[in-house]
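Right, one structure below, let's go through it.
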Amino acid sequence: YQRRVHGILLMHQTQIFILGTILSCFIVLVKPEITMQLLTRPKSLRGANGMVIRNRDLVEYYGRMQIGTPPQSFDVVFDTSLEWSWLPSDDCIKCHYCQKFEYWKSSSFKDLHKDIVIHYNTGDHEGDIAGSVGEDSITIDKKTVPTQHFLNVIDDGGLFEEFHSSGFIGMTLVSNPDSTTFMDNLVNLGIIKENTFAIRFSTVKNDEKSEITFGGYNPEQYGKNPIYWHNIELKDKWAVRIVRMTFGNTELPLKKREAEIVTSESHLRMSRVDFELIEVDLRAKFTCTFDNTYLFYCYVKDESLDPFPTIKIQLERLTLSIEAKDYVIFGKERDTTRKIAIIQIEVYPIDVIPYTVLGTVVLRNYYTIFDKTNKRIGFAETVPFTESSSVGIVLGIVIPLIAMLLIAIGYYFYKNKNKSSETTAKPVSQLAGKDALLSQIPHLQLEFTYPMTVSYTHLRAHETSLHLVCRLLLEKKKKQ
């Protein structure tokens, strides 16, 4: 009983190997964009300590959190101007959020029986939200505070009906006596060593490339660009000092030099007095007016950005630039077909907002670091999200070469194995134990070679090229 050296399994392995390497080459060479997406993923996704933040039309930036036992997930806005973290309660009948906190399902929830009212006055969001103080386990970016205080909101005043997110995480500089911030709790529990967080906001609508980092900052976001540190100017707010602000060639006479950094605000906010020269400049070019949310817009004929100059905000060590493409949004006036240019600057009476507020329209081009430990705020120019790392470039070249080499090696061994000869194998009936069992599996590629007596008749019946020499020797010996 003879069995060939090449069994079916080896043939299948070789064929699968060749097909796999051919497919790999096809993807790398014919569809290089797939390979580059894998090798040059957005920097935000490659940061070791960062959590992805999404955005809605560059207006609302939000991340994922979990609360309660078992955990319930919510999309929340990280707000550097807010002392309290809050979520809409399942008891909030008038709330129109995608998600509400079903506190009664959480075994770790505690009602602290204290009512709180938070007043909002941000132009388009003005009013009160009310709720009771609760305590529960909150997890963000795999970091858990088991006893985080928050506001379980039962009335939001209709302020956030158009929001995608369902709550806020307070990230203010100073904690409220009744509610330690999530960041301060992470430090107090020893989960992070540095009371520092950093945020990068994407400039592309509705993508997932923004990032927040807790306990430090991610150097991949700014590359080799320097960090410009600024001292905090207000005791209880993340604020820096403005040295000078210009709208094109026009310098604005700022009444207050402090500027608060607010990560939940999408606009640049300033007082009406500070905005006057901008208004004069734009009214000289267009017909302009205010809407009912303190936004200023102008009627335009086309979507040219040329009439809108760059806004520059000079800080002590860095000048922040806001180009027209960043602060001008084109659209149509409500109930008409007239084209308008909306200026993303919210304007208030001076008694409402005593200082400038820098929102995401300013921060999108910079990596912003909030360092409570050292009482400072850092800004660094960001690197492009699509920037390739040197490792990615090298792999992009090496992978196709390796794939082609594997194809050649696989083909070489496959052809050489096909040329191999048959050898004498012991009959199945003579095999014992596991050898007998293995030999009965037809798809296994095994060779069973044992020392045994070989007769002349047997060689003639199953003669191969390798057996020819043996047969000739036997015939020669027989004649002698």
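Sequential numbering from 1 along the given sequence is applied to the chain's residues. We use all heavy atoms of the structure for the numbers below, so side chains are in, but hydrogens, waters and symmetry mates are not.
- Taking 4.0 Å as the cut-off between side-chain N and carboxylate O, Arg244 and Glu251 count as a salt-bridged pair.
- Checked by atom type and distance alone, the side chain of His230 pairs as donor or acceptor with a backbone atom of Tyr228 at under 3.5 Å.
- Under the 3.5 Å distance criterion, with hydrogens and angles disregarded, no donor-acceptor pair is assigned to the side chains of His164 and Glu60.
- Ring pair Trp86/Phe168: centre-to-centre distance below 6.0 Å.
- Each of Ser108, Ser107, Ser106 was scored for a side chain to side chain donor-acceptor pair (under 3.5 Å) with Thr69, with one residue passing: Ser108.
- Close placement of the Phe101 and Phe150 rings is indicated, their centers lying within 6.0 Å of each other.
- With hydrogens and angles ignored, the 3.5 Å screen pairs a side-chain donor or acceptor of Arg364 with a backbone N or O of Asp326.
- Comment: Asp136 does not engage Lys110 in a salt bridge, judged by the lack of any side-chain N to carboxylate O separation of less than 4.0 angstrom.
- With salt bridges taken as basic N to acidic carboxylate O contacts below 4.0 Å, one links Arg64 and Asp75.
- Of the N and O atoms on the side chains of Ser304 and Asp302, not one donor lies less than 3.5 Å from an acceptor on the other residue.
- Checked for salt-bridge contact, Asp207 and Lys209 miss the test: no charged N lies under 4.0 Å from a carboxylate O.
- Neither side chain, Ser202 nor Ser210, offers a donor N or O lying under 3.5 Å from an acceptor on the other.
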Can I get a per-line list of side-chain donor-acceptor pairs under 3.5 Å for residues 190-199, giving both atom names and the distance, sequence neighbours left out?
unit_1 : atom_1 : unit_2 : atom_2 : d
Asn195 : ND2    : Asp184 : OD1    : 2.8
Thr196 : OG1    : Asp371 : OD1    : 3.1

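- Residues Gln221 and Glu211 have side chains that bring a donor and an acceptor to within less than 3.5 angstrom of each other.
- Taking 4.0 Å as the cut-off between side-chain N and carboxylate O, Glu265 and Arg269 count as a salt-bridged pair.
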(Q) Could you go through Glu233 and Glu316, starting from their C-alpha distance and side-chain angles, then the distance that decides it, and tell me whether this counts as side chain to side chain contact (heavy atoms under 4.5 Å, CB included)? (A) CA-CA 11 Å; Glu233 292 295 317; Glu316 293 178 342; 4.1 Å; yes
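- Separation of the Phe286 and Phe308 ring centroids falls under the 6.0 Å cut-off.
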Q) side chain to side chain contact (heavy atoms under 4.5 Å, CB included) between Met183 and Phe214: does it pass, once the steps are laid out? A) CA-CA 8 Å; Met183 278 297 301; Phe214 300 96; 3.5 Å; yes
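- Ring to ring, Phe290 and Phe296 are close: their centroids are under 6.0 angstrom apart.
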